[in-house]
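Notes to accompany the following structure.
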Amino acid sequence: MPFISNTDKERKEMLEAIGVARFEELLVNIPEKLRLTQPLKLDEPLSELEVTRRINCIAAKNRHSEAMNSFMGAGVYDHFIPAAVDHIIIRPEFLTAYTPYQAEVSQGTLQFIYEFQTLICELTGMEIANAGMYDGASAAAEALLMASRHTRKEKVILAGTLHPRFYDVIRSYTEDVGLELVIAPVKKGATDLDELAKLIDKDTAGVLVQTPNYYGCLEDMQKIDELVHAQKKALLIAAVDPISLNVLNSPAEYHADIVVGEGQALGNKMNYGGPLFGFFASSFSLQRSMPGRIVGGTLDLDGKRGYALTLQTREQHIRRAKATSNICSNQSLACLAATVYMCLMGRKGLREIAEQSTIKAHYLAEKIGKLNGFEIAFDQPFFKEFTVKTPIPAKELIDKLVEKDILAGVNLAETGMKNGLLIAVTEKKTKAQMDELVKALEEVNNG
Amino acid sequence: MPFISNTDKERKEMLEAIGVARFEELLVNIPEKLRLTQPLKLDEPLSELEVTRRINCIAAKNRHSEAMNSFMGAGVYDHFIPAAVDHIIIRPEFLTAYTPYQAEVSQGTLQFIYEFQTLICELTGMEIANAGMYDGASAAAEALLMASRHTRKEKVILAGTLHPRFYDVIRSYTEDVGLELVIAPVKKGATDLDELAKLIDKDTAGVLVQTPNYYGCLEDMQKIDELVHAQKKALLIAAVDPISLNVLNSPAEYHADIVVGEGQALGNKMNYGGPLFGFFASSFSLQRSMPGRIVGGTLDLDGKRGYALTLQTREQHIRRAKATSNICSNQSLACLAATVYMCLMGRKGLREIAEQSTIKAHYLAEKIGKLNGFEIAFDQPFFKEFTVKTPIPAKELIDKLVEKDILAGVNLAETGMKNGLLIAVTEKKTKAQMDELVKALEEVNNG
Amino acid sequence: MAKTIFEKHSQGRFGYTLPKLDVQGDINSCIPEKFQRKGELPLPEVSELDVMRHFIELSHLNHFIEKGFYPLGSCTMKYNPKINETLVRNAGFMDVHPMQPQCTVQGALELLYELQNDLAEISGMADVTLQPVAGAQGEFTGLKVIHAYHKFNGNHHKRKIILPDSAHGTNPASCTLAGFEVIELKSNEKGKVDIEELKSLISDDVAGFMLTNPNTLGLFESQVEKIAELIHSVDGLMYMDGANLNALLGIVQPGKIGFDVMHFNLHKTFSTPHGGGGPGSGPVGVREDLVKFLPVPMVRKNDDGTFYLDCSHSDTSIGKVHSHYGNFSQNVRAWIYIKMLGAEGLREVSRNAIINANYIMHKLNKYFHVQYDEHCMHEFVADGSWQKKLYDDPDKQIKTLDIAKRLLDKGFHAPTVYFPLIIHEAMMIEPTETESKETLDMFINAMIEIASEAKENPELLKDAPFTTPVRRLDDVRAVKVLDVKFQDYMKIKEED
Amino acid sequence: MAKTIFEKHSQGRFGYTLPKLDVQGDINSCIPEKFQRKGELPLPEVSELDVMRHFIELSHLNHFIEKGFYPLGSCTMKYNPKINETLVRNAGFMDVHPMQPQCTVQGALELLYELQNDLAEISGMADVTLQPVAGAQGEFTGLKVIHAYHKFNGNHHKRKIILPDSAHGTNPASCTLAGFEVIELKSNEKGKVDIEELKSLISDDVAGFMLTNPNTLGLFESQVEKIAELIHSVDGLMYMDGANLNALLGIVQPGKIGFDVMHFNLHKTFSTPHGGGGPGSGPVGVREDLVKFLPVPMVRKNDDGTFYLDCSHSDTSIGKVHSHYGNFSQNVRAWIYIKMLGAEGLREVSRNAIINANYIMHKLNKYFHVQYDEHCMHEFVADGSWQKKLYDDPDKQIKTLDIAKRLLDKGFHAPTVYFPLIIHEAMMIEPTETESKETLDMFINAMIEIASEAKENPELLKDAPFTTPVRRLDDVRAVKVLDVKFQDYMKIKEED
Ligand SMILES: Cc1ncc(COP(=O)(O)O)c(C=O)c1O
Ligand SMILES: Cc1ncc(COP(=O)(O)O)c(C=O)c1O
């Protein structure tokens with residue numbers, strides 16, 4: 001058998017040492033009738049060569065962004081990733097280690113998490129960040145739970161412009177624990193601030209706003225800050241695109257109490273949507289309510305600096321039913337990729353990526369806005385993503401463009417905009433690729 | 001600039017420390033008129049993303065054995081390589097180290113070379129192996145030089161069934177140093193032993209025979225052993241396919257004095273023919289005439305086992321013009337791949353690969369032999385490769401089959417067989433792929 | 001210790017190249033000033049070489065499977081095949097967006113479909129969702145399914161989940177998150193579910209029972225049928241924490257012995273690497289009538305052989321627990337693993353895992369106390385109680401932690417310690433099937449050495465480790481002088 | 001030390017899987033018995049995990065660029081960009097056979113064609129062959145070209161190559177291999193070619209002159225034009241050993257300052273990794289009238305934009321030095337490197353390499369003797385003569401070797417030592433452009449520390465290294481008790 005080390009001879013020796021004649025004797029505790037009598041019904045085992053061929057054949061049935069002209073976004077983005085990132089995360093030293101439970105032989109993992117936390121704090125302007133969550137959506141859900149825990153209130157308000165997948169996960173995470181979800185209405189692609197103001201009251205634990213929001217529009221976080229914090233009643237939770245923070249306001253600037261977001265865009269491939277990872281940061285004052293692992297610096301017996309898991313009394317292995325979250329394994333390696341990525345790009349590189357994405361997105365929006373039949377849906381500032389009103393249902397349009405090897409964007413039908421198409425542009429898009437999209441859209445309208 | 005660490009500020013500080021105002025002052029020793037006044041005429045620099053796209057585009061213009069049904073061989077083979085091999089050789093610990101000049105911080109490299117030497121000795125049955133040569137061809141050339149050095153004679157005999165590329169390189173290596181190359185005639189795809197017997201005389205330094213030979217046929221090495229060693233006059237140099245040694249006689253069985261061969265088939269990709277590597281082994285008695293690096297076990301100051309370069313007085317950095325070879329950098333990483341490969345496959349795996357290749361090759365030969373118009377060229381035992389007489393010139397046939405995504409084999413026209421096609425079969429070929437070739441050949445003849 | 005990357009910063013240095021912007025425009029004309037970040041981001045500026053050296057230096061500070069034995073109980077630290085890492089890096093997987101039209105992701109869907117089915121077969125469940133990304137999220141998902149089932153049946157009062165006191169911490173935590181009340185059941189003198197005690201807890205508001213089987217002591221719960229009968233008698237559902245499935249492959253199908261819901265840890269049983277803490281994958285299997293509650297979407301096959309994402313059960317489904325389809329690339333790895341092993345191979349996995357564990361237990365139980373001294377499954381729990389008793393002086397008293405730290409000096413990772421909570425000074429040892437007898441023997445010898453060091457040279461344990469990149473770390477200081485980012489460290493240094 | 005893989009062997013264990021044989025047949029019916037190997041091969045039997053652990057353990061014993069500074073003079077140990085390693089692993093490169101029809105390898109040919117041209121431009125040569133796989137093979141190839149040139153002109157008597165005594169060992173060795181007689185020229189008091197001395201050696205049988213420029217002392221041979229004039233006056237050819245080209249990129253084109261033939265070391269100047277000793281790549285560039293002597297084939301472009309392998313110069317060509325087209329995958333890496341840097345980037349490489357070297361030299365020349373104390377190019381040679389003079393007692397006398405070994409303790413690789421031969425106790429230091437000032441400063445400090453240790457604590461040098469995986473090794477024993485394979489070791493152990 002592949003991957004099994006012992007030989008028949010060794011197995012025999014071991015059984016003898018144990019003092020049993022046959023392996024089955026070790027199963028005494030499993031009542032006979034509970035045991036399988038038939039082999040499992042699985043395919044015949046494949047050798048490495050066969051499985052390689054099978055996988056290559058399966059993968060070839062997927063069409064991907066290196067072979068198509070893709071404008072897909074909505075939280076998962078195809079940003080440039082330097083090759084060096086993968087050369088780090090593939091190292092078995094990182095890849096095949098467990099959670100750093102024995103700190104003395106896990107300093108590599110612990111230190112990169114500490115650096116990750118630092119980078120997330122730098123990016124968001126917050127004071128404390130954890131070692132990462134499952135994805136942006138569950139991070140947002142946990143942020144709401146945390147707000148409720150911290151404020152001891154049950155009502156939470158979600159911007160109606162939130163990513164629907166965030167909403168779905170939030171609903172799963174909150175519906176059985178008594179949280180009341182209130183959706184703030186949308187106006188012209190952004191949160192209706194007047195309506196939001198009305199919704200916030202003394203029972204409000206937190207307000208979650210995503211910016212750029214699902215439609216790509218920037219929310220007026222300064223105003224929202226004022227509304228939420230007016231009487232210091234509720235916590236402001238911002239869900240952000242980490243790449244955007246290189247040109248857009250840091251959440252600290254608008255006094256977010258908790259900042260979450262989908263981190264994939266930081267150095268992780270899209271991988272059909274997983275692994276993703278959520279980042280999670282807050283002010284120091286909320287530290288005891290935080291979910292997830294946190295690494296802290298400390299000293300060893302000789303007074304040398306080292307790192308260890310800290311604030312563990314929040315966690316499930318100690319607090320069990322009363323823990324701040326059930327999270328145990330997280331998305332560590334994806335956070336490592338993000339850490340390496342941020343270090344490689346540095347302040348200048350991340351800024352350049354954010355600027356290029358912005359400028360290219362605006363170039364494309366302008367071109368599409370001028371096309372017959374097409375219209376930029378909202379007159380709001382945007383970052384690298386924007387909504388287009390399409391002359392035919394977005395679904396049809398998307399299908400037509402697939403035939404031209406173009407992935408035109410995300411269909412917004414489920415938000416009620418049957419003719420809504422969400423287009424994302426990263427620095428990877430060339431002018432030629434954008435012009436190709438424009439031409440294809442034009443042809444759709446004409447033909 | 002990518003890959004350059006210092007910033008303008010640091011450069012300035014350093015120039016100040018050196019005591020010059022401008023970089024150019026450091027170039028005082030280069031007469032002005034020798035300096036370039038224009039920038040080099042090279043393409044505009046490409047960013048990582050651009051160069052990635054360019055490379056992908058170039059690579060896509062190559063057709064390869066994963067996308068075609070390939071029967072190419074003639075020394076470079078598409079054998080199965082476990083994925084683990086690449087995960088070792090990509091490690092910067094091995095990849096970015098230099099030649100192990102400082103033994104104390106190069107034990108990783110030194111030990112794997114020691115293990116490589118051991119494995120080559122085990123494979124060939126010889127007593128001493130070096131750390132590898134540039135390729136099989138140059139290894140063969142150096143073996144002839146060594147034979148000449150050792151015997152102080154100048155005539156060397158090459159089997160006429162030798163790989164023509166081996167012959168080419170041997171010619172380059174030997175023609176200006178006074179070696180006389182004599183080619184032994186070929187009979188029915190193998191060395192004509194009667195003729196060979198006549199050629200060997202007291203002036204003969206060595207006889208080089210390749211088995212399996214270029215046509216795929218096995219040479220009668222027992223007989224050749226007798227001829228060469230009859231009066232202990234000359235050295236027998238065997239050039240072998242390392243994979244074949246898992247089923248065919250070890251060179252020690254037929255008393256080869258020197259064994260060389262192309263090592264690529266051991267765990268290295270084909271890479272359009274490079275890196276290859278030559279292995280080189282001999283009896284102990286020839287050790288002082290050996291070319292190339294050799295690693296030996298020894299002890300450190302504390303009496304602990306360790307490894308170091310040994311027998312260095314043979315080498316260019318010490319013996320200069322009188323060295324046994326000019327080789328300095330070799331193909332070390334390719335030898336590492338071979339070492340890892342041989343360990344993974346082990347005795348059972350290598351045997352299985354050799355057997356499967358043999359049996360499949362014989363299956364295919366039988367099928368092709370029965371085709372109208374085709375004929376197995378030689379009635380000789382063969383291993384995984386055989387020569388077919390084709391009804392139309394091999395070149396035409398090959399070109400026709402390319403259109404069907406088949407790489408039919410190697411054209412033997414330069415050996416004088418315009419209608420000779422050399423077909424190689426490895427364990428990777430499936431019955432279906434072989435049957436596809438048979439069908440395509442049939443169609444060529446019919447159409 | 002290694003410097004942080006922040007200490008390697010040099011203004012103006014960089015480690016990337018990007019194409020030049022090929023369209024006109026500038027940021028100020030795109031983004032109104034008020035939305036623009038004030039001031040420069042304080043990220044480090046370093047070269048690619050700096051980055052490589054930094055993270056390679058860090059990597060060398062870790063213990064990891066390919067360095068040495070990793071007998072971390074409950075974590076199934078088996079070898080992670082290299083072929084997985086190679087194949088998962090296919091552009092046809094890596095560069096696929098989760099919201100692409102389904103006609104463009106048929107390969108991904110085929111693979112997920114097969115994995116759903118294979119896991120269902122392995123577990124004896126009717127169907128499996130691949131959406132949860134970790135064991136704990138699997139638990140949450142499974143518990144939500146249980147919740148949904150009771151709500152669907154109008155049984156809103158069913159809000160209690162019973163679980164043994166030996167359960168992993170995520171079990172009670174997941175119950176809370178899923179809106180359940182946790183009732184902890186004391187284990188019996190054999191370390192197993194106490195049936196009489198359980199009977200006393202059974203009532204109509206019991207929603208279900210969560211059991212790890214083999215349990216966290218490495219013992220198979222032989223009474224599982226009886227337990228299931230009791231729970232089912234009040235229409236409760238049986239949840240299995242499948243963290244220990246490595247003991248049961250091809251031997252027992254949980255779905256056929258009374259369990260209604262279970263999660264898998266693909267990062268344990270199915271060889272996907274743990275990555276220093278994740279990503280994992282925690283699929284959930286359920287019995288037939290619970291399939292309608294599983295998260296949306298499921299992958300289904302059309303009659304024409306194509307595949308699609310099925311949301312047709314949206315109204316009964318618990319919804320979603322992940323933005324997309326879970327940790328796809330981990331699922332690819334697990335698929336490869338299952339395909340390479342097949343039915344026979346998987347059974348061999350469990351057979352060898354069980355033999356290895358029993359072998360170590362048998363060799364060590366003369367040196368370390370093993371509370372439940374019956375044949376174990378794939379792991380067992382020893383403890384440090386004999387060693388603790390050696391010295392009365394609390395300063396000298398040897399704890400399991402000391403034994404664990406001493407093991408690090410000998411080149412091994414420590415077992416899982418202080419879990420399960422019901423064993424004092426617990427050491428949970430899980431060798432997995434990928435380790436050879438030689439390795440086990442080396443570990444056994446190291447443990448025996450430590451047992452004798454405890455008697456003859458206790459400081460070697462109390463002060464251990466000596467040979468690791470850092471010595472024993474001050475956990476208390478880590479909490480008291482909170483330093484969770486580089487800026488904190490700078491401040492603390494200044495204040496000192 | 002690490003066990004050998006042979007000591008991990010366990011009969012019957014294995015680390016591979018293969019498809020089942022899908023045709024009928026057995027080996028005995030294919031291969032007559034007399035041709036079959038007798039007995040089983042003694043190769044080790046281990047698992048994939050054993051193999052991974054083994055080679056990872058070995059890997060951790062190495063110094064390497066991504067671990068730390070590697071100032072090995074003459075070897076240009078610059079950072080090897082990761083993108084090269086990623087891109088070269090494209091199946092369109094890896095899985096291509098060298099004898100495929102040319103229409104199926106147009107991408108490979110295009111790339112090689114461009115690299116030929118780019119290297120020609122960089123060197124100012126008319127054309128470049130990519131066939132030689134190492135510097136020494138490049139030398140051999142270039143010398144063969146020189147030989148061919150003279151033979152072509154009927155000058156069979158031209159059999160002498162002059163080269164300075166500072167030349168690398170491969171230079172004279174390659175001369176011998178190419179059938180030349182070597183005449184060593186003593187360097188002058190400035191470490192450079194002594195023109196007067198050279199004049200005295202000039203005669204009609206001189207075939208050429210081999211010069212490393214900058215020379216192995218890191219000094220530019222300012223008199224190169226004069227040298228060329230002298231050599232050309234007897235129809236000799238000027239060969240440049242391009243090992244030190246990292247100093248000249250975009251600054252000097254060797255082909256324009258008198259050189260007729262030169263080789264490149266792509267594994268030095270052009271960032272291809274050295275792999276613990278190779279594979280490298282040693283292309284050779286020549287002036288216009290020598291192109292016809294280059295190895296076959298060259299890559300040429302058709303009018304229709306396609307590429308082909310050109311053997312049209314077969315009769316004049318020196319033939320082949322490699323079975324196929326050289327180290328293709330190293331050439332791909334070099335191509336990528338050149339394309340990413342462009343003209344300006346390459347000039348920056350040399351600029352920074354030169355500044356770095358001068359900076360170290362300037363900082364160290366108060367502590368270590370530097371014989372030729374002028375501005376250096378990309379490297380310089382210091383020596384241990386001051387340290388050697390500290391103690392008279394030969395047992396205590398400090399040698400450059402001791403300094404080198406002590407550097408290992410401080411986490412640096414040692415410089416190249418005892419080369420060039422003309423400097424006693426030489427230490428050749430080459431920082432390369434990819435190292436930062438911080439790293440250089442750390443190295444400088446380490447060297448200064450060693451200089452003071454030499455005075456105050458000489459045993460620290462004599463007994464160094466202390467912190468490496470093994471202590472100083474007994475080279476003499478390695479020769480005397482020859483142990484070049486595991487079976488030798490077993491025998492020696494038995495005999496002991
Ligand atoms: C028994 C048991 N249950 C649940 C879990 C939680 O799994 P995860 O870490 O994947 O969330 C673990 C993991 O350690 C475990 O051992
Ligand atoms: C000056 C000089 N010439 C030639 C060579 C030989 O190059 P290679 O090792 O690639 O054969 C070297 C390599 O060390 C060198 O430094």
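By convention in this document, chain letters (A, B, ...) are assigned in the order of the sequence lines, proteins followed by strands, and residues within each chain are numbered from 1.
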Pick one of side chain, backbone, both or neither for [X], based on which atoms fall under 4.5 Å of a heavy atom in chain A.
{"X": "C/Asp488", "result": "side chain"}
{"X": "C/Ala91", "result": "both"}
{"X": "C/Asp118", "result": "both"}
{"X": "C/Cys75", "result": "both"}
{"X": "C/Leu219", "result": "neither"}
{"X": "C/Val182", "result": "side chain"}
{"X": "C/Met94", "result": "both"}
{"X": "C/Val332", "result": "side chain"}
{"X": "C/Glu139", "result": "neither"}
{"X": "C/Lys339", "result": "both"}
{"X": "C/Pro19", "result": "backbone"}
{"X": "C/His97", "result": "both"}
{"X": "C/His362", "result": "side chain"}
{"X": "C/Lys34", "result": "both"}

Distance from C/His375 atom NE2 to A/Ile30 atom CD1, nearest 0.5 Å?
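Answer for the NE2-CD1 pair, C/His375 versus A/Ile30, is 12.0 Å.
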
[X] side chain to [Y] main-chain N or O, any donor-acceptor pair under 3.5 Å?
{"X": "C/Thr176", "Y": "A/Lys322", "result": "no"}
{"X": "A/Arg63", "Y": "C/Thr104", "result": "no"}
{"X": "A/Asn271", "Y": "C/Ser329", "result": "no"}

Comparing C/Met99, C/His54, C/Gln137 against chain A, the one with the most heavy-atom pairs below 4.5 Å turns out to be C/Gln137

Would you please classify the geometry between the C/Tyr79 ring and the A/Phe3 ring as parallel, tilted or perpendicular, with 30° and 60° separating the classes?
tilted

Hey, what's the ring geometry for C/Phe140 with A/Tyr173, parallel, tilted or perpendicular (30° and 60° as the breaks)?
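Aromatic pair C/Phe140/A/Tyr173 classed tilted.
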
Thinking salt bridges, do [X] and [Y] make one under a 4.0 Å N-O criterion?
{"X": "C/Arg471", "Y": "A/Glu104", "result": "no"}
{"X": "A/Arg305", "Y": "C/Asp483", "result": "yes"}
{"X": "A/Glu93", "Y": "C/Lys67", "result": "no"}
{"X": "C/Glu110", "Y": "A/Arg54", "result": "yes"}

Taking the six-membered ring for Trp and the single ring otherwise, decide whether the centroids of A/Phe112 and C/Phe55 are under 6.0 Å apart.
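No; C/Phe55 has its ring centre 6.0 Å or more from that of A/Phe112.
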
So, do C/Tyr489 and A/Tyr114 have ring centers that fall under 6.0 Å from each other?
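Ring centres of A/Tyr114 and C/Tyr489 not closer than 6.0 Å.
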
Passing candidate, side chain to side chain contact (heavy atoms under 4.5 Å, CB included) with C/Ser323, options A/Leu276, A/Asp168, A/Val76:
A/Leu276

Within the 3.5 Å criterion, strictly below it, is a donor on C/Gln100 or A/Tyr272 matched to an acceptor on the partner's side chain?
no

Check whether any side-chain heavy atom of A/Val247 sits under 4.5 Å from a side-chain heavy atom of C/Gln36, and report yes or no.
no

I'd like to know whether NZ of C/Lys38 has more than 12 heavy-atom contacts from other residues, nucleotides or ligands below 6.0 angstrom.
yes

